[in-house]
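Before any comments, here is the structure.
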Amino acid sequence: MSRTRLFGSLCALVFLVNFARVVFAPLVGEFIDAFGIREGTAGLIVTLAWLGSAAPRLPAGWALTRFTRQRVILVSGAMLTAGALGVALAPSVLALMVAAFAVGLASGVYFVAANPFIAELFPQRVGRVMGVHGMASQLSAVIAAPAVTVALWYDWRYAFYALAVAAAASTLIFAALARRTDLPDAGAGDTDFLGAARGEWKLILAGIVLMGLTSFVWQGLFNFYELYMIDKGLARATARNLLTVIFAAGVPAFLVSGDLADRLPHVPYLLGIVTAFVGGVVLVVVAEGLAAVIAASVVVGFAIHMLFPAGDTYLLASLPDESRASAYAMFSAGTMSTQAAGSWAVGEAIEAGATYDAVFLALAGGLALLVATYAVLYRFGRVPGGAADATRTV
């Protein structure tokens with residue numbers, strides 16, 4: 001069995017894993033209405049899904065020093081199936097919070113195991129395969145809002161019943177293909193979890209600060225995008241479907257960014273992407289009228305989704321075989337923990353009386369200062385990263 005077919009099954013799994021995380025955003029308004037809660041609590045539900053995605057990344061990284069990549073991926077598929085059923089059956093806000101956290105756990109385990117695995121399946125084109133994998137993930141984000149719209153004709157819970165069935169089927173397909181594929185042994189020497197963290201801490205920290213804080217702003221923006229657009233005077237249906245515009249802009253962004261990440265210097269490329277995202281956020285704030293809002297949404301969506309394959313390539317291509325999965329798990333856990341609080345922070349600020357415009361302009365200003373700081377540090381050679389020193393095996 002070719003590695004390409006196995007990669008295809010991973011693209012199916014990542015589609016479902018990401019759908020499980022982003023589908024909460026277009027449901028924020030429904031949660032407020034259905035459970036009688038306010039913005040802060042609704043934001044916390046979304047935050048719990050992303051905190052759940054952050055929580056298992058260190059344990060999953062340790063597990064990868066003891067078990068094969070494919071076995072950990074199978075566990076994530078089983079967790080996603082169970083978590084989706086939990087959301088569908090949740091009778092209360094507390095139960096919904098627990099189930100949202102469980103769905104997040106599945107995604108965290110998946111990404112920690114799958115991303116290094118993919119880099120090792122195709123070591124000569126890390127950026128491109130990460131871009132394709134990310135595009136598959138992004139396609140789920142594109143259909144999230146329309147899927148919610150369709151589900152709301154009946155009951156929003158049906159979206160999660162369907163997710164559970166699809167997750168179970170995709171996990172079984174991956175298991176069958178993995179048994180018949182010639183797999184790489186590049187991670188065989190990655191057995192010292194803490195040693196990898198000590199050896200690569202500078203690179204890990206550099207990635208967490210840049211990727212984590214940028215994603216913090218992104219989390220706060222997209223999880224409240226529907227309510228923000230309603231606040232700008234758009235109809236609820238239009239506001240919800242603007243999320244589709246943002247996520248659709250990200251589909252080509254993954255492919256473009258993955259190819260560029262294999263060709264351009266990593267740090268300047270990442271800083272350029274974050275700068276474009278800051279500009280996109282400002283455009284969203286100042287935009288007036290549907291046409292201007294759509295254009296600004298395309299800009300911010302394209303820019304932020306270029307960041308993810310570029311950031312993963314920066315880490316995965318810079319790490320040697322003997323520490324790749326362990327160090328990537330550290331980076332992934334730190335980044336997710338940082339970004340997960342974004343929606344909660346924005347929700348609390350809005351509930352306290354701040355305007356959406358003021359909140360998002362303040363966050364954009366903070367990111368601009370971060371970019372300037374990294375640019376200075378890079379100029380003096382203080383930002384780590386580049387190509388892996390170790391020779392990769394396949």
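Computed over heavy atoms, backbone and side chain alike; hydrogens, waters and symmetry mates excluded. Quantities reported herein were computed from a predicted structural model and do not represent experimental measurements. Position 1 is the first residue of the sequence, and the numbers go up from there.
Interatomic distance, Trp156 CH2 to Phe31 CZ, rounded to the nearest 0.5 Å: 5.0 Å. Separation of atoms CG (Asp262) and CZ (Arg128) is listed at 8.5 Å; rounding is to 0.5 Å. To the nearest 0.5 Å, the span separating OH on Tyr328 from CD on Glu200 amounts to 15.0 Å. Rounding to the nearest 0.5 Å places CZ of Phe24 at 6.0 Å from CG of Leu96. Expressed to the nearest 0.5 Å, how far OG of Ser137 lies from CZ of Arg21 amounts to 6.0 Å. Here CG of Leu264 is found 10.0 Å from CG of Leu270. Values are rounded to the nearest 0.5 Å.
The six-membered or imidazole ring of Tyr269 lies away from that of Tyr314, with a centre-to-centre distance of 6.0 Å or more.
Ile304 places none of its side-chain heavy atoms less than 4.5 Å from the side chain of Val217. Side-chain contact between Asp155 and Phe160: absent, with no pair of heavy atoms (C-beta onward) separated by less than 4.5 Å. Residues Asn241 and Val245 have side chains not in contact (no heavy-atom distance under 4.5 Å, counting atoms from C-beta outward). Counting heavy atoms from C-beta on, the side chains of Val28 and Glu226 never come closer than 4.5 Å. Inter-residue side-chain proximity for His266 and Thr313 is flagged as met; some heavy-atom pair is nearer than 4.5 Å. Between Lys202 and Leu205 there is no side-chain heavy-atom pair separated by less than 4.5 Å. In this structure, Met97 and Phe101 have side chains that are not in contact, with every pair of non-hydrogen atoms separated by 4.5 Å or more. With contacts defined as side-chain heavy-atom distances shorter than 4.5 Å, the pair Leu307/Phe277 does not qualify.
Judged by distance alone, the side chain of Arg57 and the main-chain N or O of Met330 form no donor-acceptor pair under 3.5 Å. No donor-acceptor pair closer than 3.5 Å links the side chain of Ser170 to the backbone N or O of Ala167. Between the Lys232 side chain and the Val285 main chain, a donor and an acceptor come within less than 3.5 Å of each other. Looking at Gln138, its side chain never comes within 3.5 Å of a backbone N or O of Phe254 through a donor-acceptor pair. A donor-acceptor pair is defined here as one N or O able to donate and one able to accept, closer than 3.5 Å; no such pair exists between the side chain of Thr238 and the backbone of Leu234. Not a single donor-acceptor pair under 3.5 Å links the side chain of Arg382 to the backbone N or O of Leu377. In this structure a side-chain-to-backbone donor-acceptor pair under 3.5 Å is missing from Ser9 to Phe174. Formation of a donor-acceptor pair under 3.5 Å by the Asn223 side chain with backbone atoms of Gln219 is found in this model.
Summarising the geometry of Val298 relative to Ala249, their closest heavy-atom pair is O-CB, 3.6 Å, with the distance given to 0.1 Å. Nearest heavy atom pair, residue Ala333 against residue Leu58, reads CB-CG, 3.8 Å. What you find for Gly61 and Ala329 is that their closest heavy atoms are CA-CB, 3.5 Å. Taking every heavy atom of both residues into account, Phe222 and Leu243 meet most closely at O-CD2, 3.5 Å. Residue Leu139 comes nearest to Phe15 through the heavy atom pair C-CE1, 3.7 Å, listed as atom of the first residue, atom of the second, then distance. Val300 and Ile246 get closest at one heavy-atom pair: CG1-CD1, 4.1 Å.
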Quick one, Thr68 with Arg71, criterion side chain to side chain contact (heavy atoms under 4.5 Å, CB included). Give me CA distance, side-chain angles, the key distance, then yes/no. CA-CA 5 Å; Thr68 62; Arg71 182 172 297 183; 3.4 Å; yes

With side chain to side chain contact (heavy atoms under 4.5 Å, CB included) as the criterion, how do Leu316 and Met130 come out once you've worked through the C-alpha distance, each side chain's angles and the decisive distance to 0.1 Å? CA-CA 10 Å; Leu316 292 169; Met130 293 309 299; 4.1 Å; yes

One pair to check against side chain to side chain contact (heavy atoms under 4.5 Å, CB included): Leu227 and Tyr356. What are the steps and the verdict? CA-CA 9 Å; Leu227 297 182; Tyr356 284 107; 3.5 Å; yes

Begin from the C-alpha positions of Leu121 and Phe117 and carry the test side chain to side chain contact (heavy atoms under 4.5 Å, CB included) through to its verdict. CA-CA 6 Å; Leu121 283 173; Phe117 185 49; 4.0 Å; yes

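A salt bridge (charged side-chain N to carboxylate O under 4.0 Å, His left out) check over residues 334-360, counting only residues at least two apart or in different chains, returns nothing.
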Name each donor-acceptor pair under 3.5 Å that joins a side chain in residues 104-113 to protein atoms two or more places apart or in another chain, with its distance.
residue : atom : partner : partner atom : Å
Ser107  : OG   : Ser53   : OG           : 2.8
Ser107  : OG   : Gly104  : O            : 2.7
Tyr110  : OH   : Leu10   : O            : 3.0
Tyr110  : OH   : His133  : NE2          : 2.8

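Note: the hydrophobic cluster containing Val75 also contains Phe67 (ILVMFWY, side chain heavy atoms under 4.5 Å, direct or indirect links). By the rule that hydrophobic residues join a cluster once side-chain heavy atoms approach within less than 4.5 Å of another member, Tyr225 and Val282 end up as members of one cluster. Connection of Ile173 to Val132 is established within a shared hydrophobic cluster, with ILVMFWY side chains joined at heavy-atom distances below 4.5 Å, either directly or through further cluster members. The cluster map of Ile, Leu, Val, Met, Phe, Trp and Tyr, joined by side-chain heavy atoms under 4.5 Å apart, puts Val299 and Met229 in different clusters. Cluster membership for Leu203 and Tyr378, using ILVMFWY side-chain heavy atoms within less than 4.5 angstrom, is shared.
Residue Trp218 qualifies as enclosed at atom CH2: its count of foreign heavy atoms under 6.0 Å is above 12. Within a 6.0 Å radius of OH in Tyr158, no more than 12 heavy atoms belonging to other residues, nucleotides or ligands are found.
The side chain to side chain contact (heavy atoms under 4.5 Å, CB included) check on Ile208 picks up Ile204, Phe331, Thr335, Thr338, with sequence neighbours excluded.
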